[in-house]
Amino acid sequence: MAMRLVIAAIAVATMTASAQTRAPALRERQRVEGPLQPLPAGRVTYFIAQGEAGSEFRKTDTELATWALRAWENAVGGVLRFELAAEDDALVRVHWVAPNFGMYGEMRPLLVRGRRGAAVYIRPDTNALGDEIARMAKADPLLRETIVYLTCVHELGHALGLEHTAAYADIMYFFGFGGDIPGFFSRYRKQLKSRADIATVSGISADDLRRVRQLYPK
């Protein structure tokens with residue numbers, strides 16, 4: 001849940017004891033069940049849905065999800081190539097869900113024509129992260145974009161086969177270990193001067209890079 005978060009994820013998971021007083025626990029599956037099984041030449045078809053009613057989805061969130069896909073594509077040095085496709089043909093499917101979905105983000109493995117794919121569910125509602133983050137995101141639109149983007153990166157990391165880590169520097173960090181949740185997002189936000197900067201600041205750590213390259217070697 002952003003991280004299954006956040007989220008999925010950001011992005012994730014269960015809140016720290018202090019955070020639990022500010023926001024509900026964030027649930028997220030732990031089992032990833034292996035890497036994606038791309039099409040020939042490393043092709044990974046993807047689909048990004050429109051938001052469900054009540055999800056707080058914005059049309060520009062599609063761009064955030066696309067940037068998150070490109071961040072992972074760059075991370076593996078072109079071994080994977082993400083290509084837009086119809087939903088039924090897509091190995092990776094991103095959905096924006098409403099609060100009644102019950103979590104902030106989640107990744108579910110899919111079997112798509114015999115290949116391991118993934119469905120990613122993102123709840124782009126920063127109010128779900130508690131009063132403190134909700135106030136911060138309302139006052140700073142780029143923080144809201146940061147949270148949704150990093151959640152996408154985290155959940156798509158699960159889609160690729162990455163598990164949670166206990167390292168606060170990682171995009172795959174699990175909040176159940178007790179890190180500072182506002183600080184997690186704020187450190188990324190500080191790198192941005194404009195929304196366009198998100199396309200060039202991946203948020204992926206050196207250890208995230210090492211692990212995903214082990215899954216998808218050249």
Side-chain angles (χ1 to χ4, degrees), residues 1-13 15-16 19 22-23 26 28 48 56-78 80 82 94 96 104-105 120 122-160 162 164-175 177-213:
M1 172 128 255
M3 286 161 178
R4 234 190 276 143
L5 180 225
V6 201
I7 261 143
I10 315 36
V12 185
M15 299 291 212
T16 63
R22 300 192 306 268
L26 300 175
E28 156 172 54
I48 302 174
E56 299 299 322
F57 167 79
R58 301 175 184 177
K59 290 184 178 180
T60 51
D61 290 343
T62 297
E63 188 172 46
L64 296 175
T66 302
W67 287 340
L69 286 164
R70 298 304 171 210
W72 286 118
E73 183 177 87
N74 292 335
V76 296
L80 300 179
F82 289 97
V94 178
W96 312 95
Y104 200 78
V120 168
I122 306 292
R123 176 181 165 186
D125 181 1
T126 51
N127 291 322
L129 296 179
D131 292 342
E132 180 180 3
I133 292 179
R135 286 195 302 269
M136 293 168 64
K138 185 175 181 179
D140 179 5
L142 270 181
L143 180 62
R144 186 267 179 194
E145 303 293 87
T146 288
I147 292 170
V148 175
Y149 168 74
L150 291 182
T151 301
C152 290
V153 178
H154 179 96
E155 295 304 330
L156 289 168
H158 284 314
L160 291 173
L162 294 176
H164 284 140
T165 78
Y168 187 69
D170 295 345
I171 192 62
M172 301 310 299
Y173 175 72
F174 175 56
F175 285 157
F177 288 107
D180 173 11
I181 297 172
F184 184 92
F185 299 114
S186 293
R187 71 179 179 195
Y188 178 90
R189 165 63 183 93
K190 291 175 183 177
Q191 301 177 70
L192 308 177
K193 293 182 178 179
S194 71
R195 186 178 184 279
D197 291 337
I198 297 173
T200 60
V201 181
S202 74
I204 297 171
S205 74
D207 195 55
D208 293 318
L209 283 171
R210 178 187 61 79
R211 293 190 305 124
V212 77
R213 288 172 179 173

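In what follows, residues are counted from 1 in the order of the sequence shown. Atoms considered below: every heavy atom in the structure, side chains included; atoms not considered: hydrogens, waters and symmetry mates.
With a 4.5 Å cut-off on side-chain heavy atoms, Asp61 and Arg144 count as touching. Under the 4.5 Å side-chain criterion, counting only non-hydrogen atoms from C-beta, Glu145 is not in contact with Glu63. Using a 4.5 Å heavy-atom cutoff, the side chains of Arg123 and Glu56 are not in contact. The shortest side-chain heavy-atom distance between Val153 and Tyr188 does not fall under the 4.5 Å cut-off. Looking at heavy atoms from C-beta onward, Val212 lies out of side-chain contact with Asp208 at the 4.5 angstrom threshold. Two residues are said to be in side-chain contact when any heavy atoms from C-beta on lie closer than 4.5 Å; Thr60 and Arg195 meet this criterion. Taking the side chain as every heavy atom from C-beta outward, Leu143 and Ile147 approach each other to under 4.5 Å.
Residue Thr126 holds its OG1 atom at 10.0 Å from CZ of Phe185, rounded to the nearest 0.5 Å. Here Thr146 contributes atom OG1 and Phe184 contributes atom CZ; the two are 11.0 Å apart, rounded to the nearest 0.5 Å. To the nearest 0.5 Å, the span separating CG on Leu80 from CG on Asn74 amounts to 11.0 Å. Rounded to the nearest 0.5 angstrom, Leu69 CG and Leu156 CG are separated by 5.0 Å. Rounded to the nearest 0.5 angstrom, Phe175 CZ and Asp180 CG are separated by 9.0 Å.
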Item to complete: Go through the steps for Ile122 and Phe57 under the test side-chain contact (heavy atoms from CB on, under 4.5 Å), then give the verdict.
Response: CA-CA 9 Å; Ile122 306 292; Phe57 167 79; over 6 Å; no
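Judged by distance alone, the side chain of Asp170 and the main-chain N or O of Met172 form no donor-acceptor pair under 3.5 Å. A donor-acceptor pair under 3.5 Å is formed between the side chain of Tyr149 and the backbone N or O of Ser202. Proximity of a side-chain donor or acceptor of Arg213 to a complementary backbone N or O of Ala75 within less than 3.5 Å is detected. For Arg189 (side chain) and Leu192 (main-chain N/O), a donor-acceptor pair under 3.5 Å exists by modelled atom type.
Each of Ile48, Val120, Asp125 was evaluated against Trp96; a single residue qualifies, Ile48, per the side-chain contact (heavy atoms from CB on, under 4.5 Å) test.
For the pair Gly203 and Ile171, the tightest heavy-atom approach, listed with the atom from each and the gap, is O-CB, 3.6 Å. When all heavy atoms are compared, the tightest approach of Arg211 to Thr165 is NH2-CG2, 2.9 Å. Nearest heavy-atom pair across Val148 and Pro124 is CG2-CB, 4.1 Å. Residues Cys152 and Ala68 approach most closely at CB-CB, 3.7 Å, considering heavy atoms. In terms of heavy-atom proximity, Ala65 sits nearest to Val94 at CB-CG1, 4.5 Å.
By the salt bridge (Lys or Arg N to Asp or Glu O under 4.0 Å) test, Arg187 is found to be paired with no residue, residues two or more places apart in sequence or in another chain being considered. For Asp197, the side-chain hydrogen bond (donor to acceptor under 3.5 Å, both in side chains) criterion is met by no residue, not counting sequence neighbours.
Ring planes of Tyr173 and Tyr168: perpendicular class, angle over 60° (limits at 30 and 60°).
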